[in-house]
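All residue numbers refer to positions in the sequence shown, counting from 1.
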Amino acid sequence: MKKKVILTVLAIFMVLMLGACKNEKNQGSYQLFYLNIDGTKLETAYCDPTGEETTQIATDLLDRLKQDPEQSDLRKTIPDSVNVESVVFTGYSLAVDFNQGIYSLPPADEVLLRAAVVKTLVQIKGVSYVNFTVEGEPYKDKNGNLVGSMNTDSFVENPGEQINSSVETTLTLYFANEDGTKLVPEKRNVYYSSNISLEKLVIEKLTSGPKTQGLQPTIPSGTKLITLTVVDGVCYVNLDETFRNQNEEITEQVVLYSIVNSLSELESVDKVQISVNGDTSGKCRYNYDLSVMYEADYSIVAENGTEAEPGTETEEETLETTETETITE
């Protein structure tokens, strides 16, 4: 009789553990992103969340991020001062509403919190983006700029390296105008780890496309950056074969100088050479040789204000839109 009782207790314990997070890698269907003990980067644990509906799963995952993880070398992601007020699923986006406590976090902690929440929640089937609000109002950075929708592409990966410091900078990215014949500058204020290459950051943001209404991406979706190096002012950009799947409605010149001009805005870059799978013997499309090191060409940049469309953000009669993003890990 005593043996049966013990077996029953063990069986109940095992059932309860199915919904708990596991310490060992790959022991669970979802990853949870916690802070390491120093609070400098994200680490993962695995779990099987409860619930079947999207909001139920999301709520359970967020609750776990507010709890101390079982691993002694990890810290909870969401501190006691920050509460999740609500979670709403609308089509493909989750809206997560926090209390005002999130605004009191140090910049690096706030960056890691958002990165952890986004990376955790986009694992849920049907969730492509996460929107943050604070007590029902759109989430804004310390400069008062709207953060907007975020997914994993909003965060530049830097595997194996800790965040040395959270640095703010402004990138000027060049995208195609509506008919694909001119370049239009778009400014982005970004927070990023100081040990992330700004050149890589520029390519990542170009690949993810513009934020401004009426502009078009110049690099084909899905293009991967294989390698990037800067030597004596020349930035060597090696892209994969997907780069050749260019939008024919955007001129070859615009595609090429979207990359060249954007990188040349950095003090470290004077010229740019592009290769595809390491090969520089071909052309960008038809006319521009990849073997050439190109300098910036601003003759194809749209004149101030002439390319603005209804609803497009303008500042001092230019189309240089400023939007803040947060980059970490």
Side-chain angles (χ1 to χ4, degrees), residues 92-93 128-129 131 138 140-141 143 145-156 169-192 198-225 235 237 239 242-266 269 272 274 284-285 288 294 296-327:
Y92 55 84
S93 178
S128 299
Y129 296 92
N131 271 304
K140 297 180 180 180
D141 68 7
N143 296 318
N145 298 308
L146 295 178
V147 171
S149 299
M150 306 188 79
N151 59 15
T152 53
D153 291 336
S154 302
F155 302 93
V156 176
T169 193
T170 300
L171 300 177
T172 300
L173 306 173
Y174 289 85
F175 296 100
N177 65 351
E178 195 165 27
D179 62 12
T181 60
K182 293 283 187 178
L183 288 172
V184 179
E186 180 182 86
K187 287 189 179 294
R188 303 265 187 95
N189 290 334
V190 296
Y191 296 98
Y192 69 100
L198 275 177
E199 295 83 12
K200 176 182 176 182
L201 187 57
V202 166
I203 298 299
E204 294 280 356
K205 295 296 103 184
L206 282 177
T207 304
S208 65
K211 299 284 188 181
T212 306
Q213 179 184 344
L215 301 188
Q216 298 189 71
T218 53
I219 299 180
S221 176
T223 300
K224 303 297 183 184
L225 176 63
C235 185
V237 181
L239 303 173
T242 310
F243 178 67
R244 297 196 182 280
N245 301 328
Q246 297 169 22
N247 182 353
E248 295 285 339
E249 295 181 0
I250 298 175
T251 67
E252 181 183 9
Q253 187 182 30
V254 166
V255 170
L256 175 71
Y257 283 101
S258 167
I259 299 172
V260 175
N261 286 14
S262 296
L263 286 169
S264 296
E265 291 285 338
L266 304 177
V269 178
V272 177
I274 301 169
C284 180
R285 193 186 299 168
Y288 288 85
Y294 292 94
D297 183 355
Y298 299 104
S299 67
I300 59 171
V301 176
E303 294 181 4
N304 291 348
T306 59
E307 301 298 328
E309 297 292 336
T312 301
E313 297 181 47
T314 60
E315 181 179 354
E316 296 180 357
E317 298 184 352
T318 73
L319 198 61
E320 296 187 349
T321 300
T322 301
E323 180 158 349
T324 298
E325 296 184 90
T326 309
I327 315 297

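For Asn245, the side-chain hydrogen bond (donor to acceptor under 3.5 Å, both in side chains) criterion is met by no residue, not counting sequence neighbours. Listed by chain and residue number, Arg285 satisfy the side-chain hydrogen bond (donor to acceptor under 3.5 Å, both in side chains) test with Gln246 (two or more places apart in sequence, or in another chain).
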### Task
Take Leu171 and Leu198 through the test side chain to side chain contact (heavy atoms under 4.5 Å, CB included) and record every step on the way to the result.
CA-CA 9 Å; Leu171 300 177; Leu198 275 177; 4.2 Å; yes
#### Entry: Verdict with reasoning, Val269 to Val272, per side chain to side chain contact (heavy atoms under 4.5 Å, CB included)
CA-CA 7 Å; Val269 178; Val272 177; 3.8 Å; yes
#### Entry: Verdict with reasoning, Thr207 to Leu225, per side chain to side chain contact (heavy atoms under 4.5 Å, CB included)
CA-CA 9 Å; Thr207 304; Leu225 176 63; over 6 Å; no
### Message
One pair to check against side chain to side chain contact (heavy atoms under 4.5 Å, CB included): Ile300 and Gln253. What are the steps and the verdict?
### Response
CA-CA 8 Å; Ile300 59 171; Gln253 187 182 30; 3.4 Å; yes
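Partner Val202 forms a side chain to side chain contact (heavy atoms under 4.5 Å, CB included) with one of Val237, Leu266, Thr172, Ile259 and no other, that one being Leu266.
If you take SG on Cys235 and CD on Glu199, they are separated by 5.5 Å, rounding to the nearest 0.5 Å. Atom OH of Tyr92 is separated from atom OG of Ser128 by 8.0 Å, given to the nearest 0.5 angstrom. Atoms CG and CG, on Leu173 and Leu263 in that order, are 9.5 Å from each other to the nearest 0.5 Å. Here Arg244 contributes atom CZ and Leu239 contributes atom CG; the two are 10.0 Å apart, rounded to the nearest 0.5 Å. Separation of atoms CG (Leu256) and CG (Asp297) is listed at 9.0 Å; rounding is to 0.5 Å. Between atom CZ of residue Phe243 and atom CD1 of residue Ile274 there is a gap of 5.0 Å, rounded to the nearest 0.5 Å.
Contact between Tyr174 and Leu206 at its shortest, heavy atoms only, is O-CD2, 3.7 Å.
Side-chain atoms of Ser208 come within 3.5 Å of backbone N or O of Lys205 as a donor-acceptor pair. A side-chain donor-acceptor contact under 3.5 Å links Glu186 to the backbone of Lys211.
Aromatic ring orientation, Tyr257 versus Tyr288: perpendicular (interplanar angle above 60°, classes split at 30° and 60°).
For Thr170 and Lys187, the side-chain atoms include no donor-acceptor pair closer than 3.5 Å.
Within a 6.0 Å radius of OH in Tyr294, other residues, nucleotides and ligands contribute more than 12 heavy atoms.
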Run the side-chain donor-acceptor check on residues 215-222: report pairs under 3.5 Å with partners two or more places apart or on a different chain.
| unit_1 | atom_1 | unit_2 | atom_2 | d |
| --- | --- | --- | --- | --- |
| Gln216 | NE2 | Asn177 | O | 3.1 |
| Gln216 | NE2 | Glu178 | O | 2.8 |
| Thr218 | OG1 | Ser258 | OG | 2.7 |

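Contact check for Val301 versus Val184: no side-chain heavy atoms found under the 4.5 Å cut-off.
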